[in-house]
Each structure stands twice: as C-alpha cells, then as structure tokens.
K.L.:
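Structure in structure tokens, see below.
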There are 2 protein chains.
Amino acid sequence: MTALTASEEIVLEQPCPIRDVLDRIGDQWSLLILEALAPGTLRFNALMREIGDISKQMLSRTLKQLEQDGFITRTLYPEVPPRVEYTLTPLGHSFLEPMQQLVAWADTHHRTIVAARLRYQTAQTKP
Amino acid sequence: MTALTASEEIVLEQPCPIRDVLDRIGDQWSLLILEALAPGTLRFNALMREIGDISKQMLSRTLKQLEQDGFITRTLYPEVPPRVEYTLTPLGHSFLEPMQQLVAWADTHHRTIVAARLRYQTAQTKP
DNA sequence: TTTATACGGTCTAAAATGTAGACCTTTAGA
DNA sequence: TCTAAAGGTCTACATTTTAGACCGTATAAA
C-alpha cells in the first residue's frame with residue numbers, strides 16, 4: 001500500500017464542500033484581497049498598500065492559495081524590476097456576488113453588534 | 001491623558017464594519033457553530049458532537065464571542081450536573097440568510113475549485 | 001561614483017494563536 | 001467504592017502569523 005500523493009490527500013481531506021471552501025476564504029485575508037481586486041487588476045505592492053496591515057509573507061501566501069483555487073490569476077511580466085499583476089477570474093467574480101450580501105449585512109448590523117459588545121462588557125465588569 | 005478603557009478600544013480599533021464583523025465570523029469555527037444552531041437550541045456537548053473536531057477550549061471561547069456580539073444567547077440552568085443551552089438570536093438568524101447564499105455558492109462551485117487545485121498541483125510538479 | 005529606491009518576493013526568529021488532554025465540581029447509578 | 005456525566009478551565013505543546021532583514025537588478029538622485 002503506497003502513501004497518498006499530495007493532491008489525493010487534498011481531495012480526500014475535506015469531505016464537506018462548505019468547510020473546504022470557507023476554511024480557505026474565511027482566513028482573515030482572502031476576503032480582503034478578493035474585495036480589493038473587485039474593481040480591477042492590481043500589482044503586489046498596490047495590494048499591500050490597499051489592504052494596509054497585511055505582511056508581505058501572508059499576502060504572498062494567500063495570493064498563492066487564491067490562485068491555486070482558481071479565484072485569481074497571476075501574470076508575471078519579465079521586466080526589470082519585475083511586474084506582477086493579480087486579477088479576479090470569473091470564479092472569483094462570481095464568488096463576490098454572494099459576498100456582497102454579507103458585506104451589506106455587516107454594514108447594516110455593525111452598530112447593533114458594537115452595541116451588544118458594549119452591553120456585554122458593562123454586564124461583566126459591574127454585575 | 002488617561003488610557004482608553006477596554007470597551008473604548010474595541011470600538012475604536014476597527015473602523016471598517018466589514019472587517020470588524022468578518023474578523024469575528026471568519027475564524028474557522030464561528031460559522032460552523034452558527035450553522036449548527038440554525039435548526040434550534042443545542043447544549044455544549046451536543047455542539048461538540050455536532051461539529052466533531054473542535055476542541056472544548058475553542059468551542060467555549062468562540063461561544064463566548066458569539067454571545068458577546070449578540071449572535072447567540074447562553075442560558076444556564078442551575079441544575080446538577082449543569083445544563084447550558086445555546087440559541088440563535090434574531091441577529092444570528094438574520095446573519096444566516098446572506099450566509100446561506102455563500103453556502104449555496106460553495107456547494108455549486110466546490111468541484112470547480114477542487115479541479116483548479118489539482119491542475120495547479122500538476123502544473124507545479126511537472127513544469 | 002556612491003547611494004537610494006522600487007519591484008516582488010523569501011527567510012528567520014519571535015510572538016500570537018490553536019490543540020489535546022488532564023483536571024474540577026457535584027450528583028446519580030452500579 | 002468507583003464511574004460517568006455535565007460544562008467548562010488550565011497547562012504544555014504545536015502550529016500559524018508577524019516583523020523585519022535580505023536578495024537581485026536597474027534607474028534616478030546626490
């Protein structure tokens with residue numbers, strides 16, 4: 001019995017579609033990157049500036065995953081200094097549609113959540 | 001100039017509603033817990049069994065955050081052994097509506113993503 | 001001529017976060 | 001008497017994230 005190949009492992013590891021997809025997308029940075037790319041193509045450093053507080057390593061790593069999963073494409077122009085452009089694929093765009101609903105929800109209910117948080121705090125500190 | 005209180009910090013720290021909400025919800029477990037509670041109230045250990053591979057500590061911690069943000073309520077019945085029930089609030093339910101869209105999207109596109117992943121792998125290993 | 005800057009990363013060490021599993025309290029049942 | 005169950009907390013270890021130095025090349029400024 002031979003060991004599984006890396007790709008076979010990846011396929012078998014996650015039997016639940018929702019977990020498989022959301023484990024990747026729900027990781028603090030993926031979503032922000034996809035949103036940043038929604039208006040159009042951006043280069044690596046432009047993405048860094050756009051997002052603001054992501055480290056190079058995480059941006060690099062997350063972009064690789066998003067490319068791997070087919071959400072974005074990476075185009076390297078062999079110039080000096082090198083130019084690398086990241087663009088949403090149709091899959092990436094289609095993902096943002098249901099995402100917009102979530103973003104709208106967040107916008108609408110943000111105040112409610114902040115209020116709940118404050119209520120909880122005061123309830124804990126002076127019981 | 002006095003330091004900020006904890007609650008003031010929480011309010012000021014996150015100026016972006018979407019990040020604020022999704023940083024909490026997009027953390028590997030929150031979503032799974034909310035989905036598990038969608039059909040109805042569950043007790044702590046029932047949640048553990050339902051989710052399967054979450055640690056007690058993370059379940060406990062995440063439930064606390066969800067309660068803090070007003071997504072769920074925690075009801076303790078002072079029996080022995082104690083009984084604790086977790087239930088979605090209206091806010092929690094309303095959140096699941098846009099979430100369903102995302103889950104549906106994940107379901108629909110899961111195969112595409114897995115395929116993209118495999119293609120990427122083979123492209124990398126034999127260039 | 002030397003120096004600085006920009007590009008798109010990688011590498012390393014340290015900090016933050018997550019995990020598994022022992023432990024706690026009280027009561028009922030074997 | 002010993003075990004199990006409830007809903008957690010605590011500790012030690014493992015994994016993940018971060019900050020920041022570094023890399024190679026080329027153009028622009030001093």
Side-chain angles (χ1 to χ4, degrees), chain A residues 6 9-10 13-14 19-20 22-33 36-37 40-69 72-87 120 124 127, chain B residues 6 9-10 13-14 19-20 22-33 36-37 40-69 72-87 120 124 127:
Chain A
E9 270 175 28
I10 286 183
E13 234 164 52
Q14 291 285 354
R19 291 196 66 164
D20 189 19
L22 293 180
D23 276 6
R24 272 295 168 79
I25 242 51
D27 76 336
Q28 191 88 191
W29 297 122
S30 296
L31 220 81
L32 255 31
I33 293 175
L37 289 176
T41 296
L42 283 179
R43 298 172 64 173
F44 188 89
N45 281 341
L47 269 169
M48 290 230 42
R49 281 187 294 271
E50 192 71 20
I51 296 176
D53 57 347
I54 189 173
S55 67
K56 285 181 166 204
Q57 189 164 99
M58 283 313 289
L59 179 55
S60 172
R61 204 184 292 172
T62 310
L63 284 169
K64 228 171 263 172
Q65 293 182 347
L66 291 175
E67 190 198 356
Q68 181 176 195
D69 285 8
I72 61 176
T73 57
R74 176 184 187 275
T75 312
L76 165 66
Y77 298 87
E79 308 166 352
V80 172
R83 181 159 56 102
V84 180
E85 291 187 344
Y86 294 93
T87 310
Y120 187 92
Q124 298 300 307
Chain B
E9 269 176 28
I10 287 184
E13 233 164 51
Q14 291 286 355
R19 293 196 64 165
D20 189 19
L22 293 180
D23 276 5
R24 272 295 167 81
I25 241 49
D27 76 337
Q28 192 88 191
W29 296 123
S30 296
L31 221 81
L32 256 30
I33 292 175
L37 289 176
T41 297
L42 283 179
R43 298 171 64 174
F44 189 88
N45 282 341
L47 269 169
M48 288 230 43
R49 281 188 294 271
E50 191 73 20
I51 296 175
D53 56 348
I54 189 173
S55 66
K56 284 180 166 207
Q57 187 163 101
M58 283 313 289
L59 179 54
S60 172
R61 206 184 291 172
T62 310
L63 284 169
K64 228 172 262 173
Q65 292 183 348
L66 291 174
E67 190 198 356
Q68 180 177 195
D69 285 7
I72 62 176
T73 57
R74 176 184 188 275
T75 312
L76 165 66
Y77 298 87
E79 307 167 355
V80 172
R83 182 159 55 101
V84 181
E85 291 188 343
Y86 293 94
T87 309
Y120 188 91
Q124 297 301 306

K.L.:
How about A/Ile72 and A/Arg74: do any of their side-chain heavy atoms sit closer than 4.5 Å?
P.N.:
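Not in contact.
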K.L.:
Rounded to whole Å, how long is the line connecting atom CE of A/Met48 with atom P of D/dT18?
P.N.:
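For the pair A/Met48 CE and D/dT18 P, the rounded distance is 10 Å.
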K.L.:
Are side-chain heavy atoms of A/Arg43 and A/Tyr77 found at a separation under 4.5 Å?
P.N.:
no
K.L.:
Give me the atom names and distance for the closest heavy-atom approach of B/Ser30 to B/Ile25.
P.N.:
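That closest heavy-atom pairing would be CB-O, 3.5 Å.
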K.L.:
Could you tell me the boundaries of the chain B footprint on DNA chain C, defined by atoms under 4.0 Å from its heavy atoms?
P.N.:
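That gives a stretch of C/dG18 to C/dT27.
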K.L.:
Quick one: are B/Ile54 and B/Leu32 in side-chain contact, heavy atoms under 4.5 Å?
P.N.:
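No; the side chains remain at least 4.5 Å from each other.
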K.L.:
Rounded off to whole Å, could you give me the CG-to-P distance for the B/Leu63 and D/dA6 pair?
P.N.:
16 Å
K.L.:
Round to the nearest Å and state the distance from B/Leu47 atom CG to D/dG8 atom C1'.
P.N.:
13 Å
K.L.:
Under 4.0 Å: is that the gap between some side-chain N or O of A/Trp29 and OP1 or OP2 of D/dT18?
P.N.:
yes
K.L.:
Using a strict cut-off of less than 4.0 Å between a Lys/Arg side-chain nitrogen and an Asp/Glu carboxylate oxygen, indicate whether B/Asp53 and A/Arg19 qualify as a salt bridge.
P.N.:
yes
K.L.:
Find the distance B/Met58:CE to D/dT16:P and express it as a whole number of Å.
P.N.:
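So the two atoms are 13 Å apart, to the nearest Å.
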K.L.:
Provide, to the nearest angstrom, the distance between the CZ atom belonging to B/Arg43 and the P atom belonging to D/dA6.
P.N.:
7 Å
K.L.:
May I ask you to verify if any side-chain N or O of B/Arg74 is less than 4.0 angstrom from the OP1 or OP2 atom of D/dG8?
P.N.:
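So the side-chain polar atoms of B/Arg74 do come within 4.0 Å of the phosphate oxygens OP1 or OP2 of D/dG8, strictly under.
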K.L.:
Taking side chain to side chain donor-acceptor pair (under 3.5 Å) as the test, write out the residues that go with B/Thr41, two or more places apart.
P.N.:
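Scan of B/Thr41 (side chain to side chain donor-acceptor pair (under 3.5 Å), adjacent residues dropped) gives B/Thr87.
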K.L.:
Scan nucleotides 19-30 of chain D nucleotide by nucleotide, 5' to 3', and note B when protein non-hydrogen atoms come under 4.0 Å of the base, S if they reach only the sugar-phosphate, - if neither.
P.N.:
B-----SS----
K.L.:
Would you mind reading off the distance between A/Asp23 atom CG and D/dT15 atom C1', rounded to a whole angstrom?
P.N.:
15 Å
K.L.:
Can you find a side chain N or O atom of B/Arg83 that sits less than 4.0 Å from OP1 or OP2 on D/dG7?
P.N.:
no
K.L.:
For residues B/Arg24 and B/Asp20, determine if any side-chain heavy atom of one lies less than 4.5 Å from a side-chain heavy atom of the other.
P.N.:
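No, their side chains stay 4.5 Å or more apart.
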K.L.:
In the structure I gave you, are the side-chain heavy atoms of A/Leu63 and A/Phe44 within less than 4.5 Å of one another anywhere?
P.N.:
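With C-beta onward as the side chain, the pair touches.
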K.L.:
Can you name the closest pair of heavy atoms from B/Lys64 and A/Tyr120 and give their distance?
P.N.:
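Taking every non-hydrogen atom into account, CG-OH, 3.5 Å.
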K.L.:
Mind checking A/Tyr77 for me? I need base, sugar-phosphate or nothing, with any heavy atom below 4.0 Å counting as a touch.
P.N.:
nothing
